[in-house]
> 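One structure, as structure tokens, below. Some questions next.
Reminder, nothing fancy here: chain letters follow the sequence lines and each chain counts from 1. Note that this is a predicted model, so its numbers are computed, not measured.
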Protein chains: 4
Amino acid sequence: MQERSRVTVDALLEATARILVKEGFDQASTNRIAELAGVSVGSLYQYFPSKEALVAALIDRHNEEVMQAVRGELADAVALPLAQGVRKLVTVAVEAHRIDPKLHRVLTEQIPPLGRLENRENFNRQNYALFATYLERHRDEIRVADLGLAAFVCVTTIEALTHTAVLHQKIDSDDAIEALINETTRLVVGYLIPQSS
Amino acid sequence: MQERSRVTVDALLEATARILVKEGFDQASTNRIAELAGVSVGSLYQYFPSKEALVAALIDRHNEEVMQAVRGELADAVALPLAQGVRKLVTVAVEAHRIDPKLHRVLTEQIPPLGRLENRENFNRQNYALFATYLERHRDEIRVADLGLAAFVCVTTIEALTHTAVLHQKIDSDDAIEALINETTRLVVGYLIPQSS
Amino acid sequence: MQERSRVTVDALLEATARILVKEGFDQASTNRIAELAGVSVGSLYQYFPSKEALVAALIDRHNEEVMQAVRGELADAVALPLAQGVRKLVTVAVEAHRIDPKLHRVLTEQIPPLGRLENRENFNRQNYALFATYLERHRDEIRVADLGLAAFVCVTTIEALTHTAVLHQKIDSDDAIEALINETTRLVVGYLIPQSS
Amino acid sequence: MQERSRVTVDALLEATARILVKEGFDQASTNRIAELAGVSVGSLYQYFPSKEALVAALIDRHNEEVMQAVRGELADAVALPLAQGVRKLVTVAVEAHRIDPKLHRVLTEQIPPLGRLENRENFNRQNYALFATYLERHRDEIRVADLGLAAFVCVTTIEALTHTAVLHQKIDSDDAIEALINETTRLVVGYLIPQSS
DNA sequence: AATGAATGAGTTTTCATTCAT
DNA sequence: TATGAATGAAAACTCATTCAT
């Protein structure tokens, strides 16, 4: 029955996430994962051909969750004028990072590359390209020589600030979030639209 | 003889760095490290109580190297007016990241935390504090409400941009470096000193 | 319904044979066998109490096929005079080995003994006894001291030559078969009836 | 120290041989082998990169033992006239098979191929070639059309008879050995030199 | 101090078999 | 009866660490 399968797979992914967060990648042995999931190791290997595949599936699931939460808002942002658009993007980035931030951290910081490395760079390249397109649309408002470079600067900055703030508990109240969004927006918008006299 | 000790320790650290960079943390077994260093595993354990301690020593050595290269320039920067000071800081950050960037990457991305995590956060906190002090000195030129938050924003931004640029080969020529420094400086200075009329 | 049973059993045996030949004993897991047979593992265990029993059944089926092809001709052989009888036996042996030789090879070379070993020896003993009886009938033409020993020599020799020739591609044309039969016959007959002056 | 290593390696090979003989290839797990050898699994893998390599080394050792026992006598045989030469060869073959016959059996019957298969065929091809050369030297005494085919027939026959006799306890006394050698020699010589008028 | 052989707990993975549906 | 998800003992193999020499 398919229901039974799904329950098992979910339990395995959930257990993997939990152990990864609590004990780090090194302690996450397949036997421990299976045990915590309440199934046998055999079942783990029935659904995932290797430990690597299991972790990859978890990454995919996490990315999917993030994307789902973000996709709609991202579309909105693109339609807004620059200053509001950037604020929206920053807000979305914060939201994205607040979905299971500890898991996000382990997944980005501790998983050994293999095929992953390529993926992460691709992911970033996509972000750069997306943002570059957005900038293109507002080219006349912007004062930067190299749009590609500007996209790199903005994306990297937003990502770093939201990531670091969320993970290192810089954010512990709605006010703190608000402040972070304000500052980040001002930083990026000030860079894109120098308001010099 | 102390000389012999130092040679052995250096060889071990060097071997560790080389294997870490070439093959990643997973392949870096103590036996392989000792072999590449030209000593026996026994000797490795004569000088380092555990693998973790060995890696920690390597991190320390790398940090020391970076600090040594940077300390003087950092002192200079503090004495400069804001715009030039920030440019100096960014330049120094780029330089720092160009010291064995591959090792830097492995050390920051692949080493499992353990006691390390604390250290890294401490390291960052130090940077924040340092920069906050610097901002304090230029408080009257600056238009930010929360100096601590501003320090966090600036340090995180500079760190992220230089780190990412170096590691992802955004930097492959002197012109590219120049451009990155320009943009980063403009980003940060524009944030600290909004030139709005 | 008994029909359905037979179809399932046949499919299982066929699948076992195919996997055994294509991938060797080690790769022949019961799950793979069931899948190739188009039934569930559960069904496999409905008809065979264990993997061993399944393989045993396959061996029996193969032996049965060989016997069926051979029984008639064997009876003929016994009625013939010695020289022609031996030639007939050799011919029959070649034929027997040409029934799915790859399966024969796997079955004789790769299957771990267990209860099988006994069987194989029994099988051989039967052959010895049969041939000894045949020799008995032609005792006066034969110049050997120990009929039992002679039977062992002849049976082993014929078996080895036909087996090896078929498996190691010594036989790839009708001429080659003819030649092999000639030589083997001459070898055995020359041994049984020394034509010394 | 090299002495310590050799002792360990020998113990491992010896344990492998014993388990292989007593319990068959399937029961011969590396942990059981190490245990019986009185060393840890780790030591096993210090000297042999895989279970396969361990078994390969055992095969090599066995072959070496056999070869050492046989090499000298083989050289003698080549110098003898045909009838005596063949007898010598058969005697040597029996001797060879009496060196740890049970191990020989497991090694030839139960070890899954992999790289081995090729080796075994090569080994046989060498024997054929060697014997063909020997026959060449006595060409004028021999009455066979195809020397290569004759070599195949003789080598296969001698090998099969001695192998089977030794393994299936056809040989349990010096008289039995004598008888087997006599019969085999007569079989082969009769084939090579038909003494028909 | 140095060596490197030895250790053994722990890891990933497989597969014959069972049993709830 | 048939299904196939689930089981779990056991296999091959790794590697940080120890210790006799």
> When you measure from the side chain of B:Glu109 to the backbone N and O of A:Glu109, does any donor-acceptor pair fall under 3.5 Å?
no
> Closer than 4.0 Å, any side-chain N/O of A:Tyr45 to the OP1 or OP2 of E:dT14?
no
> Tell me the interatomic distance from A:Ile33, atom CD1, to E:dT13, atom C1', rounded to whole angstroms.
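About 13 Å, once rounded to whole Å.
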> Under 3.5 Å for both distances, Watson-Crick or G-U wobble, that's the pair rule; now give the dot-bracket for DNA chain E, with | marking pairs to another strand and [ ] for crossing ones.
.||||||||||||||||||||
> From the options E:dA6, F:dT17, E:dA16, select the nucleotide whose nearest atom is closest to the side chain of D:Thr8.
E:dA6
> With rounding to the nearest 0.5 Å, note down the distance linking CD1 in A:Ile59 to CG in A:Leu107.
4.5 Å
> List the atom pairs, with distances to 0.1 Å, where a side-chain N or O of residues 31-43 of chain D and a protein N or O form a donor-acceptor pair under 3.5 Å, not counting sequence neighbours.
residue: D:Arg32; atom: NE; partner: D:Gln27; partner atom: O; Å: 3.3
residue: D:Arg32; atom: NH2; partner: D:Glu23; partner atom: OE1; Å: 3.3
residue: D:Arg32; atom: NH2; partner: D:Glu23; partner atom: OE2; Å: 2.6
residue: D:Ser40; atom: OG; partner: D:Ser43; partner atom: N; Å: 3.4

> Do the side-chain N or O atoms of D:Ser40 get closer than 4.0 angstrom to the phosphate oxygens (OP1, OP2) of E:dT7?
yes
> Identify the two heavy atoms, one from B:Leu54 and one from B:Leu44, that lie closest to each other, and give their separation to 0.1 Å.
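Answer, listing the atom of B:Leu54 first, then B:Leu44: CD2-CD1, 4.1 Å.
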> Between F:dA10 atom P and D:Glu35 atom CD, what is the distance in whole Å?
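Value for this atom pair: 13 Å.
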> To the nearest Å, give me how far apart CZ (C:Phe25) and P (E:dT14) are.
18 Å
> Return the value, rounded to whole Å, for the distance between atom CG of D:Leu44 and atom C1' of E:dA9.
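One finds 16 Å between C1' of E:dA9 and CG of D:Leu44, rounded.
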> Rounding to an integer number of Å, can you tell me how far C:Lys51 NZ sits from E:dT18 C1'?
17 Å
> Counting only side-chain nitrogens and oxygens, does B:Ser43 get under 4.0 Å of the OP1 or OP2 atom of E:dA1?
no
> Would you indicate what D:Asp26 reaches in the nucleic acid, counting non-hydrogen atoms under 4.0 angstrom: base, sugar-phosphate, or nothing?
nothing
> Is D:Thr30 near enough to F:dA11 that one of its side-chain N or O atoms lies under 4.0 angstrom from OP1 or OP2?
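Indeed not, no polar side-chain atom of D:Thr30 lies that close.
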> What is the distance, to the nearest angstrom, from the CG atom on B:Leu12 to the C1' atom on E:dA1?
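Taking atom C1' of E:dA1 as the reference, CG of B:Leu12 is at 14 Å.
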> Pick the closest DNA chain E nucleotide for A:Ala28 and for C:Pro49 by heavy atoms, then say which residue is nearer the 5' end.
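Going by which nucleotide is closer to the 5' end, it is A:Ala28.
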> Of all the choices, E:dT13, F:dC13, E:dT3, which nucleotide is nearest to the side chain of D:Ser50 once you look at every atom?
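When the side chain of D:Ser50 is considered, F:dC13 is the closest of E:dT13, F:dC13, E:dT3.
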> Send over the distance from A:Phe48 CZ to F:dA5 C1', rounded to a whole Å.
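Answer to the nearest Å: 14 Å.
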> Quick check: on DNA chain E, is the nucleotide nearest A:Arg32 upstream (toward 5') of the one nearest D:Gly42, or the reverse? Name the residue that is more 5'.
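Its nearest nucleotide being more 5', the pick is D:Gly42.
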> Report the nucleotide, chosen from F:dT17, E:dT13, E:dT17, that has the shortest atom-to-atom distance to any side-chain atom of C:Val41.
E:dT17
> Phosphate oxygens OP1/OP2 of F:dA2: is one of them under 4.0 Å from a side-chain N or O of C:Gln46?
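Looking at the OP1 and OP2 atoms of F:dA2, one of them is under 4.0 Å from a side-chain N or O of C:Gln46.
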> Taking atom P of F:dC13 as reference, at what distance in whole Å does atom CG of B:Asn31 sit?
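Nearest whole value for this atom pair: 18 Å.
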> Hey, which of these two, D:Gln27 or A:Gly38, hits DNA chain F nearer its 5' end, going by closest nucleotide?
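First, find each residue's nearest nucleotide; the 5'-ward one identifies A:Gly38.
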> Would you check if the side chain of A:Lys51 reaches a backbone N or O of A:Ala28 as a donor-acceptor pair within less than 3.5 Å?
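The answer is yes, because a donor-acceptor pair under 3.5 Å joins these two groups.
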> Regarding A:Ser5 and A:Tyr47, do their side chains bring together a donor and an acceptor under 3.5 Å, going by distance alone?
yes
> Have a look at A:Ser29 and say if it touches a base, only the backbone sugar-phosphate, or nothing, with a 4.0 Å heavy-atom cut-off.
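Here A:Ser29 touches the backbone only, sparing every base.
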> Is the shortest side-chain N/O distance from B:Tyr47 to OP1 or OP2 of E:dA2 below 4.0 Å?
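True: B:Tyr47 side-chain N/O within range (under 4.0 Å) of E:dA2 OP1/OP2.
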> Using the ring-ring contact (aromatic ring centres under 6.0 Å, His included) criterion, which residues pair with D:His97? Sequence neighbours excluded.
D:His104, D:His163
> Please round to the nearest 0.5 Å and tell me the distance separating atom CD of B:Gln110 and atom CD1 of A:Ile111.
11.0 Å
